[in-house]
Amino acid sequence: MMDGIEITFCRQCKNALADVKTIEAEMEDLAKKAGWKARKSHERIKAGISACPNACAAPQIKDFGVVAFIIPEVDREICTACGMCVEACRENAIKLEEYPVFSEKCMGCGDCMRACPSGAITGQVKFRVLAGGKLGRHPRFAEEVLITDDVNSIVDVFSRIVKISMENKMRFSHIPGCVELLKERVRG
Ligand code: SF4
Ligand code: SF4
Ligand code: SF4
């Protein structure tokens, strides 16, 4: 038997939008207490936590995933309309009028914020919480179950995923209808 939960954190490089270490301690603690054991690697519950939308911890293919992102805002008093944020955006998500306007194509990476020479762009940090992803014979991308800025809510979803696995004696993403089941519990 091996430890049944494998948590991967990204290395939080210069692109990091949040300190995901605050989540790490609580998740590691919960994983230790859970008592979920796996006989083989594919039975392990896998979690991937990424501090920006580049998603280096591969949260899309894990039972539980977290991706930090920002909702960018511009301070019109400071902005000089230089256009450097437009050049920096790889998603073509900024239109420069009298000041930058962000479109729905924005994925919240923060490149524009880092590129602005005036410090006119700030961003409210949020976390996209994903569930149900896996590789193997029938691979599936994880689905978004929650957007939040509250660390407790993130850990709560993780704890529900572990609990559902224990109840069904099966790794979360292998349970038929796992994401719907989770959504019902998160809503309830
Ligand atoms: S997910 Fe983002 S912050 Fe984390 S290592 Fe990758 S690029 Fe850096
Ligand atoms: S880079 Fe900064 S100063 Fe330049 S247009 Fe964008 S927000 Fe304004
Ligand atoms: S946060 Fe990223 S995707 Fe969104 S507007 Fe800025 S550079 Fe573009």
Side-chain angles (χ1 to χ4, degrees), residues 5-31 44-135 139-155 157-158 161 173:
I5 301 178
E6 178 186 299
I7 308 174
T8 306
F9 287 85
C10 80
R11 63 189 171 85
Q12 296 196 72
C13 71
K14 61 178 173 46
N15 295 326
L17 299 167
D19 179 7
V20 291
K21 292 279 171 197
T22 54
I23 307 169
E24 183 171 10
E26 293 198 44
M27 283 186 64
E28 298 279 8
D29 188 46
L30 205 145
R44 301 179 93 191
I45 298 169
K46 296 181 174 65
I49 318 300
S50 291
C52 88
N54 288 342
C56 297
Q60 301 93 338
I61 54 166
K62 305 280 170 69
D63 299 82
F64 175 75
V66 177
V67 180
F69 69 101
I70 58 156
I71 300 173
E73 286 170 13
V74 64
D75 185 333
R76 298 178 194 179
E77 301 292 320
I78 301 176
C79 175
T80 60
C82 70
M84 287 180 73
C85 53
V86 179
E87 281 176 38
C89 180
R90 286 177 277 171
E91 306 303 322
N92 199 19
I94 308 176
K95 195 168 164 211
L96 189 60
E97 297 179 355
E98 280 178 49
Y99 47 83
V101 178
F102 304 98
S103 80
E104 74 285 346
K105 286 193 278 187
C106 172
M107 57 166 5
C109 66
D111 284 347
C112 53
M113 183 171 70
R114 287 183 286 273
C116 176
S118 312
I121 300 178
T122 52
Q124 189 190 354
V125 178
K126 298 259 185 191
F127 297 95
R128 190 164 275 121
V129 181
L130 311 173
K134 68 184 183 78
L135 288 176
R140 182 180 60 219
F141 273 139
E143 288 178 42
E144 184 179 298
V145 291
L146 184 71
I147 289 180
T148 183
D149 54 10
D150 174 28
V151 169
N152 291 334
S153 301
I154 295 170
V155 177
V157 174
F158 180 56
I161 282 177
S173 61

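Numbering of ligands and ligand atoms starts at 1, following listing order. As a basis for the values below, the full set of heavy atoms in this structure was taken, side chains included, without hydrogen atoms, waters or symmetry mates.
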Heavy-atom nearest neighbour in the protein, as seen from [atom], with distance rounded to 0.1 Å:
atom	value
atom 3 (S) of ligand 3	Met107 N, 3.5 Å
atom 6 (Fe) of ligand 2	Cys85 SG, 2.3 Å
atom 8 (Fe) of ligand 1	Cys13 SG, 2.2 Å
atom 1 (S) of ligand 1	Cys56 N, 3.4 Å
atom 2 (Fe) of ligand 1	Cys52 SG, 2.3 Å
atom 4 (Fe) of ligand 3	Cys106 SG, 2.4 Å

Taking every heavy atom of Val74 against every heavy atom of Pro100, the minimum-distance pair comes out as CG1-O, 3.7 Å

Smallest heavy-atom separation, Leu146 atom then Ser153 atom, equals CD2-CB, 4.1 Å

- prompt: Any N/O/S of Cys10 under 2.8 Å from atom 2 (Fe) of ligand 1?
  reply: no

Restricting to heavy atoms, the pick from Cys112, Cys89, Gly83, Gly119 nearest atom 5 (S) of ligand 2 would be Gly83

>> Is any side-chain heavy atom of Val129 closer than 4.5 Å to one of Thr148?
In response: yes

Near Asn54 (heavy-atom distance under 4.0 Å), the atoms of ligand 1 are 7 (S)

Logged contact type for Ala55 with ligand 1, heavy-atom cut-off 4.0 Å, is backbone

When Ile5, Ile23, Ile49 are each screened for side chain to side chain contact (heavy atoms under 4.5 Å, CB included) with Phe158, the one that passes is Ile5

Quick note on ligand 2: atoms under 4.0 Å from a heavy atom of Cys116 include exactly 1 (S), 2 (Fe), 3 (S), 7 (S)

* Arg76, CZ atom: more than 12 neighbouring heavy atoms under 6.0 Å -> no

